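Have a look at the structure below, then the notes.
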Amino acid sequence: MDKKSKNHLVYSQSYRSDLSVLGSPVSFAQDRGSRVLEELAREFSPGKPVAHFKPRLATLKQLRLAHCSCYIARLKKPATWAETFGLSSVLPDNEKTKATLTKLLSEYRLKSGGTVQAAKLALAHRLAVNLGAGYHHAHRDNGDGFCILNDIAITIKALQAENLVERVMVVDTDFHHGNGTASIFKGDRSVFLLDVYAREAWPFKKETCSLAVPISAHEGHLYLDKLKAALDKALSKFKPDLVIFVQGADTWEHGVLNRGEGFSLPLSTVQAKDELVIDTFVGHGIPLAMVFAGGYGERAWEGHYHGVKHLLYRAGIMTAPAE
Ligand SMILES: [Zn+2]
């Protein structure tokens, strides 16, 4: 692997947010990006770190394109975070908490800036991935499901405001329905949301999507067929300038958080899913930017790794096909 990987990978060490300060029992895997980079280095460039692009904070102006100013102001309040992270105890409203939340918000803005950057790199170099983010539950005026800012919506609106794209397709294969993205773009004909999600799982109130593909608990074996048919249908209806692929490693049977909530996929199917999405848009010559979204527990990075590797292979960074 050479230095050209910088054109396709976006990451900062500051993505490793310390969410333990919030006191949530959820096993967040904030190390996924660094674990993926470490494994790429081990496999393809031993002894050398993998070159990647370091993002900048999403600006307040960019945040305001997707979120209302009143919500952005509320992000200073501990209650807003407690609600979004489903905390049973209220965070103390003191200086220490304020400093913690200021740092966390800055890290979320950085990850959102990373998605903006990955999308710009995709427009320039066809394929790119932000090794984090994918906060598809955040709505315009409130957070939800551990998602404070909707980096996907921020990115689409920021690129549209810069006249870099007109029409964007979001392909969301996270285990959970992307309710925030759906609600933000409701009625917006410039954005097509193809969402493949677990029918029975949270969020229980589903928003209207351009093309919704709910998968029932007993339908895991049909996942790839349904995804393939949905991709064909989406592309027959909508020709995007850019695709944002919300990857999601929580469809994997080791996705921890979702055990028993709906279908689960073996790693081979998760990998085939990622290849199918990436190959489909490469085949149509449409730029694609990938973001991580859900993935929980010690092994979560493994659910992302093959997709990143395949993206780099299709970008021409690797000479041999990804295993
Ligand atoms: Zn999820």
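Computed from a predicted model, the values in this text were never measured in an experiment. One-based numbering, in listed order, for ligands and for the atoms of each.
With respect to the Zn ion (ligand 1), Asp174 has OD1 as its nearest N, O or S atom. Taking the N/O/S atoms of His176 in turn, the shortest distance to the Zn ion (ligand 1) belongs to ND1. Within Asp250, the N/O/S atom positioned nearest the Zn ion (ligand 1) carries the name OD2.
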Solution key, residues 226-243 side-chain donor-acceptor pairs under 3.5 Å, sequence neighbours excluded:
unit_1: Lys228; atom_1: NZ; unit_2: Asp232; atom_2: OD1; d: 3.4
unit_1: Lys228; atom_1: NZ; unit_2: Asp232; atom_2: OD2; d: 2.9
unit_1: Ser236; atom_1: OG; unit_2: Lys233; atom_2: O; d: 2.7
unit_1: Lys239; atom_1: NZ; unit_2: Leu235; atom_2: O; d: 2.4
unit_1: Asp241; atom_1: OD2; unit_2: Glu166; atom_2: N; d: 2.8
unit_1: Asp241; atom_1: OD2; unit_2: Arg167; atom_2: N; d: 2.8

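Aromatic pair His137/Trp202: centroids less than 6.0 angstrom apart.
Taking a cutoff of 4.0 Å between a charged side-chain nitrogen and a carboxylate oxygen, Arg16 and Glu107 do not qualify as a salt bridge. Lys205 has a carboxylate O that lies under 4.0 Å from a charged side-chain N of Glu207, or vice versa, which qualifies the two as a salt bridge.
Residue His136: no N/O/S atom is found under 2.8 Å from the Zn ion (ligand 1).
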